[in-house]
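Shown next, in structure tokens, is the structure this report addresses.
Letters go in sequence order (proteins before strands), and every chain restarts at 1. Since this is a predicted model, take the numbers as computed values, not measurements.
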Number of protein chains: 2
Amino acid sequence: MKSPPTFKPTRLELELLSALWKIGSGSIREIQESLPEDRRPEYTTVQTIIYRLEEKGAVRRAKKIGNAHIFEPLVNRQSTFATLIDDFIGTLGGSHEPLVAHLVESGKISSAELKQMEKLLKERRAK
Amino acid sequence: MKSPPTFKPTRLELELLSALWKIGSGSIREIQESLPEDRRPEYTTVQTIIYRLEEKGAVRRAKKIGNAHIFEPLVNRQSTFATLIDDFIGTLGGSHEPLVAHLVESGKISSAELKQMEKLLKERRAK
DNA sequence: TAGAAAAAACTACAAATGTAGTAGAAGGCA
DNA sequence: TGCCTTCTACTACATTTGTAGTTTTTTCTA
């Protein structure tokens with residue numbers, strides 16, 4: 001399967017991808033064991049999801065060690081997050097306003113953070 | 001069905017809820033016809049989703065006009081969005097940082113908007 | 001080299017979601 | 001009052017997703 005320009009993983013797919021991004025690459029077993037104990041699916045569940053990610057072109061078998069395949073991600077976190085976020089904004093109606101509003105409203109963003117963002121924005125504009 | 005304290009609609013459910021929030025209340029037909037032409041499902045599809053929303057306690061039959069039921073939302077946009085956003089941040093790993101970063105990075109937030117947010121934040125803090 | 005251990009490969013399956021068809025009841029108009 | 005229209009109420013069904021069991025193959029290790 002070809003890897004799509006953008007990839008929108010499901011919840012569980014994202015969890016496994018996140019694990020892979022963290023460890024770089026690994027076997028099914030290693031991926032499974034790198035997951036937080038509190039939500040660590042069975043070995044075969046992880047296997048199924050990794051296979052599906054492979055089907056979808058989001059990971060691939062990089063090599064084989066012993067009898068175990070070592071998987072590595074083919075999509076990177078940045079772009080995957082970007083896809084998810086843009087899609088999400090789409091479901092919220094296409095405007096980021098409610099999102100930003102909620103972040104501010106719920107106190108999830110501090111004033112300092114806003115200032116930081118502003119600075120970042122200015123820098124970006126400058127170049 | 002009891003309405004839950006928070007409600008996390010699916011994509012289509014959210015579209016129909018959004019339609020309802022806009023028109024206030026309406027029959028299946030009215031809801032369907034208020035949807036943007038480009039993604040307007042069949043009458044019975046709308047009906048099915050509204051019934052499911054009813055099951056889930058997100059809408060209810062307010063009254064009957066002729067032989068048609070008039071539905072009204074039981075959840076409001078604010079809290080529904082809040083639920084969706086918090087859930088989404090959860091899937092992104094629990095931190096809003098990547099989200100905010102992307103918004104700024106992708107130029108989705110303007111400087112003016114940031115200033116606006118800052119003001120909003122200060123006001124909120126003031127009271 | 002034979003059996004145990006580990007992984008791969010395959011199969012299964014229920015719930016949720018999107019999508020819509022069909023049958024039958026209710027209302028309005030000629 | 002008897003159709004025609006419009007709804008309602010039900011049923012159907014493929015796909016996606018989460019979840020995991022079973023069978024087969026590979027590899028070590030005694």
Side-chain angles (χ1 to χ4, degrees), chain A residues 1 4 7-19 25-72 80 83-84 87-88 90-91, chain B residues 1 4 7-19 25-72 80 83-84 87-88 90-91:
Chain A
M1 301 299 122
F7 179 59
K8 185 163 90 69
T10 67
R11 180 183 61 72
L12 191 48
E13 285 173 344
L14 181 61
E15 294 200 19
L16 298 205
L17 273 179
S18 295
S25 70
S27 64
I28 301 291
R29 184 68 65 188
E30 288 168 332
I31 295 168
Q32 190 215 4
E33 293 187 338
S34 77
L35 294 171
E37 331 72 32
D38 53 314
R39 88 194 98 92
R40 182 182 297 164
E42 286 301 302
Y43 179 88
T44 50
T45 299
V46 174
Q47 193 189 30
T48 298
I49 301 302
I50 293 294
Y51 284 178
R52 285 181 190 165
L53 284 170
E54 191 184 19
E55 273 292 304
K56 297 177 183 181
V59 307
R60 73 163 178 193
R61 296 163 196 231
K63 55 180 175 178
K64 195 167 182 178
I65 292 182
N67 62 343
H69 291 295
I70 304 300
F71 291 86
E72 72 179 10
T80 301
T83 298
L84 285 169
D87 176 83
F88 182 64
T91 76
Chain B
M1 298 300 121
F7 178 59
K8 185 163 90 68
T10 67
R11 180 184 62 73
L12 191 48
E13 284 173 345
L14 181 61
E15 294 200 18
L16 298 205
L17 273 179
S18 295
S25 70
S27 64
I28 300 291
R29 182 68 67 189
E30 288 168 332
I31 295 169
Q32 190 215 5
E33 293 187 338
S34 76
L35 294 171
E37 332 71 31
D38 53 312
R39 85 194 101 90
R40 181 182 298 162
E42 287 300 301
Y43 179 88
T44 48
T45 300
V46 174
Q47 193 191 27
T48 299
I49 301 301
I50 293 294
Y51 284 178
R52 286 182 189 163
L53 283 170
E54 191 183 20
E55 272 294 304
K56 298 177 182 181
V59 307
R60 73 163 178 193
R61 298 165 195 230
K63 56 179 173 177
K64 196 167 183 179
I65 293 182
N67 61 343
H69 291 294
I70 303 301
F71 291 86
E72 71 179 12
T80 300
T83 299
L84 285 170
D87 176 83
F88 182 64
T91 77

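As a whole-Å value, the separation of A:Ile65 CD1 from C:dA6 P is 17 Å. In this structure, the CD atom of A:Gln32 is 13 Å from the P atom of C:dA6, given to the nearest Å. Look at CD on A:Gln47: it is 15 Å from P on C:dA6, rounded to the nearest Å. If you measure from atom CD1 of A:Ile28 to atom P of C:dA7, you get 10 Å, rounded to the nearest angstrom. As a whole-Å value, the separation of A:Glu30 CD from C:dA6 P is 14 Å. Atom C1' of nucleotide C:dT19 and atom CD of B:Glu13 are separated by 14 Å, given to the nearest angstrom. Per the geometry, CG belonging to B:Leu12 stands 10 Å off P belonging to C:dA20, to the nearest Å.
The shortest distance between the side-chain N/O atoms of A:Tyr43 and the OP1/OP2 oxygens of C:dA8 is below 4.0 Å.
Checked options B:Leu17, B:Leu84, B:Thr83; the residue passing with B:Phe7 is B:Leu17 (criterion: side-chain contact (heavy atoms from CB on, under 4.5 Å)). The only option from B:Lys56, B:Arg52, B:Lys8 that meets the salt bridge (charged side-chain N to carboxylate O under 4.0 Å, His left out) definition with B:Glu13 turns out to be B:Lys56.
Toward the 5′ end of DNA chain D lies the nearest nucleotide of B:Ser27, the other residue of the pair A:Ile49 and B:Ser27 mapping further downstream. Residue order along DNA chain D, read from the 5' end via each residue's closest nucleotide, puts A:Arg11 first among A:Arg11 and A:Asn67.
Backbone-only contact: A:Arg29 has heavy atoms under 4.0 Å from sugar-phosphate atoms and none from a base. Among the heavy atoms of the strands lying under 4.0 Å from B:Arg61 are primed sugar atoms or P, OP1, OP2 only; no base atom is included.
B:Leu35 has its side chain within reach of B:Leu16: a pair of non-hydrogen atoms, C-beta onward, lies under 4.5 Å apart. Side-chain contact between A:Pro9 and A:Thr80: present, with at least one pair of heavy atoms (C-beta onward) separated by less than 4.5 Å.
Here the range on DNA chain D touched by chain B, meaning any atom under 4.0 Å from one of its heavy atoms, is D:dT6 to D:dC10.
Note: A:Tyr51 and A:Phe71 have tilted aromatic rings, judged against thresholds of 30 and 60 degrees for the angle between ring planes.
Side-chain atoms of B:Thr44 and base atoms of C:dG21 include a donor and an acceptor less than 3.5 Å apart. Contact annotation: side chain of B:Thr10 to base of C:dA16, donor-acceptor pair absent below 3.5 Å.
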Might you work through the side chain to side chain contact (heavy atoms under 4.5 Å, CB included) test for A:Ser18 and A:Glu15, ending with a clear yes or no? CA-CA 5 Å; A:Ser18 295; A:Glu15 294 200 19; 5.6 Å; no

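Considering CZ of A:Arg29 and CD of A:Gln47, their distance stands at 9.5 Å, rounded to 0.5 Å.
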